[in-house]
Engineer: 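Take a look at this one; I'll ask things after.
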Amino acid sequence: MPEGHSVKRSANKFEEFFLNEPVKVTSPQGRFTDSKILSGQKFVFAQPKGKQLFLHFEESIVQIHLGIYGKWSYQNGEPKEPVGQVRARFQVENRLADLRGPTICSLIDADTHQSILQRLGPDPLWDDSDNKLREEFIARASAKKVPIGQLLMDQGVISGIGNVFRAEILFRANLSPFTPGNLVPNEVLGAIWDDSVDLLALGVRTSVMLTRENFQKVSVPKDERYWVYKREGMACRQCGNPVSIAMMAARKLYWCGFCQK
DNA sequence: TACTCATGAGCAA
DNA sequence: TGCTCCTGAGTAG
């Protein structure tokens, strides 16, 4: 589930497995040709920003983006033969991580790394004790006439939000996804930021996306987790009117036309 | 077994 | 806006 919370979890897990260790890196599938350069280097730290993950080794930085399909799997104990299409395998004695189906898995230089970080909007999971990130989000979102539903998916405006959180956060804000960013009051944008901080942090803790009050347990069945996401045509949980669906910037958008004005 | 769909995003037109 | 890449889960038959 590659929205920001799961990338953060991957980063934590990767550090738990490999911090300060020289890591053997291979590409069983053969498509990560730089694995040889990386192999044997000590892993220093993992840096997630939104949906991007940067793995810092002594001499190299690896950029990873899971896209829709990408997945990590971790194993303890005796390494097993790779199953399926494994793009990259990271291993130390008795621990390994397999990466499958990422959109991006490549070595990048320091300049590229910096330019990607700058291009990305603020990440609600980063420390923001001085509210700078919150202000940056408000400034970026309120500067555009693009609908807010599109802005929340724009990684240059806020990083880490995907299609599920987009729909749910706007529902929770009672805000129509079609409202242009520059017409959304700053206090509403601030509330959207605060809600993103809470929901992503909850996602990091629980590993699943939970967006309904009183449903903050992992055991919540999938079909009860969301307010509107994937509920088109079904009764809105709040007002009973049917949940709407439309395409926005080539992605499915779910909202309640009665609750979200 | 075959087909469809997905939590993403870059690119060409 | 539509096409493309990548992989696996779910579903229809």
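So that the names make sense, note that chain A is the first sequence line, chain B the second, and so on, each numbered from 1.
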Engineer: Between the side chains of E136(A) and K132(A), is the shortest nitrogen-to-carboxylate-oxygen separation below 4.0 Å, so that they form an ion pair?
Structural biologist: no
Engineer: Just to be sure I understand the rule, does Y229(A) reach a base, reach only the sugar-phosphate, or reach nothing, if contact means heavy atoms closer than 4.0 Å?
Structural biologist: sugar-phosphate
Engineer: Please determine if a side-chain N or O atom of H65(A) lies less than 4.0 Å away from the OP1 or OP2 oxygen of dG8(B).
Structural biologist: no
Engineer: Do T211(A) and R172(A) have side-chain N/O donor and acceptor atoms under 3.5 Å apart?
Structural biologist: no
Engineer: Taking atom P of dA9(B) as reference, at what distance in whole Å does atom CG of L152(A) sit?
Structural biologist: 13 Å
Engineer: In whole angstroms, how far is the C1' atom of dG8(B) from the CE atom of M247(A)?
Structural biologist: 13 Å
Engineer: Looking only at atom P, what distance separates dT7(B) and dT11(C), rounded to whole Å?
Structural biologist: 15 Å
Engineer: Counting any heavy atom closer than 4.0 Å, what does R31(A) reach on the DNA or RNA strands: base, sugar-phosphate only, or nothing?
Structural biologist: sugar-phosphate
Engineer: Rounded to whole angstroms, how far apart are CD1 on I68(A) and C1' on dC5(C)?
Structural biologist: 11 Å
Engineer: Measure the distance from CZ on R166(A) to P on dT7(B) and round it to the nearest whole Å.
Structural biologist: 9 Å
Engineer: For dT7(C), does either OP1 or OP2 sit under 4.0 Å from a side-chain N or O belonging to K71(A)?
Structural biologist: no
Engineer: Taking only N and O in the side chain of K51(A), is any of them less than 4.0 Å away from OP1 or OP2 of dT7(B)?
Structural biologist: no
Engineer: Which part of the nucleic acid, if any, lies within contact of R87(A), taking any heavy atom under 4.0 Å across all strands shown: a base, the sugar-phosphate backbone alone, or nothing?
Structural biologist: sugar-phosphate
Engineer: Rounded to the Å, how far apart are D98(A) CG and dC6(C) C1'?
Structural biologist: 16 Å
Engineer: Does the distance from a Lys or Arg side-chain N to an Asp or Glu carboxylate O, for D98(A) and R89(A), drop under 4.0 Å?
Structural biologist: yes
Engineer: Under 4.0 Å between a side-chain N or O of R100(A) and OP1 or OP2 of dC6(C)?
Structural biologist: no
Engineer: From CG of N163(A) over to P of dT7(B), roughly how many Å is that when rounded to an integer?
Structural biologist: 5 Å
Engineer: Starting at CD1 of I161(A) and ending at C1' of dA9(B), how long is that distance when rounded to a whole Å?
Structural biologist: 16 Å
Engineer: Hey, are R134(A) and D128(A) close enough for a salt bridge, meaning a charged N less than 4.0 Å from a carboxylate O?
Structural biologist: no
Engineer: Please work out whether the ring planes of Y254(A) and Y229(A) are parallel, tilted or perpendicular, with thresholds of 30° and 60°.
Structural biologist: perpendicular
Engineer: Decide, yes or no, whether a salt bridge links E21(A) with R95(A) under the criterion of side-chain N to carboxylate O below 4.0 Å.
Structural biologist: yes
Engineer: Can you check the distance between dC5(C) and dA13(B), where both ends of the measurement are the P atom (answer in whole Å)?
Structural biologist: 15 Å
Engineer: Just call it for Q29(A): base, sugar-phosphate, or nothing, with non-hydrogen atoms closer than 4.0 Å on any strand.
Structural biologist: sugar-phosphate
Engineer: Is there a side-chain polar atom (N or O) of R251(A) under 4.0 Å from OP1 or OP2 of dA9(B)?
Structural biologist: no
Engineer: Sticking with atom P, work out how far dC5(B) lies from dG2(C), rounded to a whole angstrom.
Structural biologist: 16 Å
Engineer: Using atom NZ of K230(A) as one end and atom C1' of dA6(B) as the other, report the distance to the nearest whole Å.
Structural biologist: 6 Å
Engineer: Please measure how far the P atom in dT4(B) lies from the corresponding atom in dC3(C), and state the result in whole Å.
Structural biologist: 15 Å
